[in-house]
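Structure, as structure tokens:
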Amino acid sequence: MANHQVGPVTLTIPEVVTEDGVTMYLVQVEVGEVAYQVNHRYSEFEVMHYKLVEEGVEKDLLPPKKLIGNKDPAFIMKRRRDLENYLQTVYHFLEKNLPSALAEFLKFPVYDIHYVLQDLASECHEGDLRNESITEDETDDGSSSSASSWTPLQMFSISERLKSPCPPLNTEDKRYDFTNVADACCRLAKLTITGSTEKLGSSELVPNELKFDFLAFKSLTELCLDNLDISPAKILSLGILRNTLVTLSARNCSLGSISMLLLCDTIHTKDDIPTLVTSGHSWSSLLKLDLSHNNLEFIDSSLRLAPNLTDLILSSNSISQITNLTGLPHLRNIDLSNNKIKGIDELHTKIGQISSLNLSQNKIRTLYGLSKLYSVTNLDVSHNKLRTLADVSTVTSLPCIERVTLSPNKVNNEVDYRLKVLEGYGGRCGEVVLDSITTTQPEMDKVSVLMALSVAREGKHPTSLFGNLPGNHHL
């Protein structure tokens with residue numbers, strides 16, 4: 001990011017381009033190591049100049065307009081040199097207190113940390129004014145419950161500004177006071193940071209290559225990192241949020257392991273994880289962890305650093321086995337959809353007493369391994385390789401199941417698939433939502449008939465159906 005207060009600032013006009021009869025002067029701006037280009041017509045120089053005259057710039061300093069012959073190449077080259085001298089002169093004259101007209105002309109609000117912070121300070125100031133009349137936007141501890149969405153540019157600017165105290169650019173307007181930002185950072189409870197790998201404008205700056213830290217954030221409870229490089233080389237001091245974060249998301253961040261996030265401030269290898277798990281790096285307040293859309297191939301034991309976790313989202317990764325979830329006694333909801341899981345043998349020994357399990361879009365061929373998941377109420381195994389009723393029959397023996405999604409799978413092509421699955425639930429079929437469809441009364445009637453026929457085939461006494469038929473049916 002550029003910092004015009006440190007500089008040096010170099011302004012040149014190396015080139016002129018004429019397209020469709022319009023002449024554009026290509027202004028090259030260099031601030032320290034940051035370089036970018038802004039394109040302006042002569043008329044835009046005029047508009048800026050009229051504003052700068054009010055700041056003390058001489059009225060005749062701008063090269064004059066020419067109505068006849070203004071397309072002549074020789075004239076355009078002379079005007080290019082004159083405009084270049086003009087820009088250098090007015091910048092040198094006003095650099096100690098840049099007018100907004102000149103700063104905007106040079107696109108400082110896009111590239112310069114101080115102007116990025118001015119815009120952010122204005123947003124924070126307006127947010128504070130709104131919250132003055134909405135007291136419920138603040139929690140009991142004084143933190144703001146409203147959510148903010150920032151970029152790596154803004155985070156970098158905050159981090160750099162806190163490292164290098166400097167006088168404010170605008171001392172008269174409180175909207176642009178950096179204390180608005182500092183105060184917001186201290187009070188903010190929910191924050192989303194969305195990165196980008198594309199270059200910023202015409203510069204070589206890539207937002208995801210900027211470093212930033214979380215030292216100013218004292219009250220964060222929810223943090224969402226999206227499309228970022230979250231390596232310790234780019235994001236510093238994330239670990240200071242261990243005791244406050246309740247929800248943590250890192251999506252589309254190319255994470256290769258869970259430990260890259262939970263052990264973010266500790267250099268480690270895979271073999272170090274078991275030792276580090278017991279060495280005081282606990283995310284004690286963390287209840288929900290979302291690591292979807294990454295490059296995870298396995299579940300490592302660093303998850304135990306979040307012992308109070310209730311919700312775990314690992315969808316859209318490359319996980320092939322379910323491991324290292326037994327040390328999470330409070331875990332209730334797991335999303336492992338869109339992975340590469342094939343085997344789920346004796347799953348009850350690997351995931352504990354969960355309520356909701358999403359295994360959709362995997363490569364599972366049988367649900368036999370779910371037979372002892374007695375606490376599950378919501379199960380999604382759609383988009384797998386389940387072919388026959390025998391492959392899915394296990395789910396009908398789960399005593400607490402309320403919702404089960406089997407479709408689409410090839411088993412759906414079985415004759416009377418839905419009725420036969422509901423028959424497996426017996427008297428409970430009316431309580432089960434199969435494939436997002438509530439069981440209807442006609443379906444319960446048909447299940448009752450199927451159950452009666454089954455009893456007859458097995459030679460059992462009809463009284464064995466007493467109390468076991470769905471709904472209010474009785475013999």
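By the 4.5 Å heavy-atom criterion applied to side chains, Leu303 and Leu312 are counted as neighbours. Within the 4.5 Å cutoff, no side-chain heavy atoms of Val27 are placed close to those of Asn39. Inter-residue side-chain proximity for Asn308 and Leu286 is flagged as unmet; no heavy-atom pair is nearer than 4.5 Å. Using a 4.5 Å cut-off on side-chain heavy atoms (C-beta onward), Met444 and Cys429 make contact. Ile351 is listed as a side-chain neighbour of Ile322, based on a closest heavy-atom distance under 4.5 Å. You'll find the side chain of Leu357 reaches within 4.5 Å of the side chain of Leu373, heavy atoms only. Annotation: side chain of Thr377 is not in contact with side chain of Leu398 (no heavy-atom distance under 4.5 Å). A 4.5 Å side-chain heavy-atom check between Leu336 and Ile341 finds at least one atom pair inside the cut-off.
For the pair Asn317 (side chain) and Ile319 (backbone), a donor-acceptor distance under 3.5 Å is absent. Although no hydrogens or angles enter the test, the distance criterion places no donor-acceptor pair under 3.5 Å between the side chain of Asp229 and the main chain of Asn208. In this structure a side-chain-to-backbone donor-acceptor pair under 3.5 Å is present from Thr323 to Ile299. With hydrogens and angles ignored, the 3.5 Å screen pairs a side-chain donor or acceptor of Arg332 with a backbone N or O of Gln353. Looking at Tyr115, its side chain never comes within 3.5 Å of a backbone N or O of Glu104 through a donor-acceptor pair. Checking side-chain atoms of Gln154 against main-chain N and O of Thr151 turns up a donor-acceptor pair under 3.5 Å. A donor-acceptor pair is defined here as one N or O able to donate and one able to accept, closer than 3.5 Å; such a pair exists between the side chain of Thr439 and the backbone of Val432. For Ser382 (side chain) and Pro408 (main-chain N/O), no donor-acceptor pair under 3.5 Å exists by modelled atom type. Judged by distance alone, with hydrogens and angles left aside, the side-chain atoms of Ser219 form a donor-acceptor pair with the main-chain N or O of Cys186 at under 3.5 Å. Side-chain atoms of Asp380 do not come within 3.5 Å of backbone N or O of Leu406 as any donor-acceptor pair.
A salt bridge does not link Lys420 to Glu414: none of the charged side-chain nitrogens sits closer than 4.0 Å to a carboxylate oxygen. Note on Arg365 versus Asp391: no salt bridge recorded, every NZ/NE/NH1/NH2 to OD/OE distance being 4.0 Å or above. A salt bridge links Arg428 with Glu431: the distance from a Lys NZ or Arg NE/NH1/NH2 to an Asp or Glu carboxylate oxygen falls below 4.0 Å. Between Lys234 and Glu209 there is no salt bridge, since no side-chain N of the basic residue sits under 4.0 Å from a carboxylate O of the acidic one.
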Begin with the C-alpha distance, continue with both residues' side-chain angles, and end with the deciding distance and a verdict on side chain to side chain contact (heavy atoms under 4.5 Å, CB included) for Ile334 and Asp311. CA-CA 6 Å; Ile334 304 177; Asp311 296 77; over 6 Å; no
Evaluation steps, side chain to side chain contact (heavy atoms under 4.5 Å, CB included), between Phe298 and Gln321: CA-CA 7 Å; Phe298 57 91; Gln321 294 183 325; over 6 Å; no
Under the criterion side chain to side chain contact (heavy atoms under 4.5 Å, CB included), I'd like the reasoning laid out for Glu222 against Leu220: C-alpha separation, chi angles, the key distance, then a yes or no. CA-CA 6 Å; Glu222 296 185 21; Leu220 273 186; over 6 Å; no
Could you check Leu331 against Thr310 for side chain to side chain contact (heavy atoms under 4.5 Å, CB included), going step by step and ending with a plain yes or no? CA-CA 4 Å; Leu331 191 59; Thr310 61; 5.8 Å; no
How far apart are the C-alpha atoms of Asp290 and Arg251, what are their side-chain angles, what is the distance that settles it, and do they pass the salt bridge (charged side-chain N to carboxylate O under 4.0 Å, His left out) test? CA-CA 7 Å; Asp290 182 354; Arg251 300 190 291 259; 2.9 Å; yes
Tell me, with the steps shown, if Asp213 and Lys163 meet salt bridge (charged side-chain N to carboxylate O under 4.0 Å, His left out). CA-CA 11 Å; Asp213 60 53; Lys163 291 177 187 175; 5.1 Å; no
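Summarising the geometry, atom CG belonging to Leu291 is positioned 11.5 Å from atom CG belonging to Asn252; distances are rounded to the nearest 0.5 Å. Atoms NZ and CG, on Lys446 and Leu450 in that order, are 9.5 Å from each other to the nearest 0.5 Å. Annotation: the span from Ser249 atom OG to Lys288 atom NZ amounts to 6.5 Å, rounded to 0.5 Å. Distance CG/Asn295 to OG/Ser254: 5.0 Å, rounded to 0.5 Å. Within the model, atoms CG of Leu225 and CG of Leu238 stand 6.5 Å from one another, a figure rounded to the nearest 0.5 Å. Atom SG of Cys124 and atom CZ of Phe178 lie 9.5 Å apart (nearest 0.5 Å).
Arg175 and Asn180 get closest at one heavy-atom pair: O-ND2, 3.2 Å. Across every non-hydrogen atom of Val277 and Ser301, the tightest pair is CG2-O, 3.4 Å. The shortest non-hydrogen separation linking Leu106 to Val38 is O-CG1, 4.2 Å. Summarising the geometry of Phe212 relative to Ile193, their closest heavy-atom pair is CE1-CD1, 4.0 Å, with the distance given to 0.1 Å. Between Leu325 and Lys350, the shortest heavy-atom contact is CB-O, 3.2 Å. Closest approach of Val447 to Glu423, counting heavy atoms only: CG1-CA, 3.9 Å.
Here Tyr111 and Tyr36 bring their ring centres to under 6.0 angstrom of each other.
With no hydrogens or angles considered, a side-chain donor-acceptor pair links Tyr417 and Asp435 at under 3.5 Å. A donor-acceptor pair shorter than 3.5 Å cannot be found between the side chains of Ser122 and Asp119. With 3.5 Å as the limit, one finds no donor-acceptor pair spanning the side chains of Asn384 and Asn362. No side-chain donor-acceptor contact under 3.5 Å links Ser282 and Ser284. Using modelled atom types and a 3.5 Å distance limit, the side chains of Thr266 and His281 yield a donor-acceptor pair.
Partner Ser316 forms a side-chain hydrogen bond (donor to acceptor under 3.5 Å, both in side chains) with one of Asn339, Asn338, Asn294 and no other, that one being Asn338.
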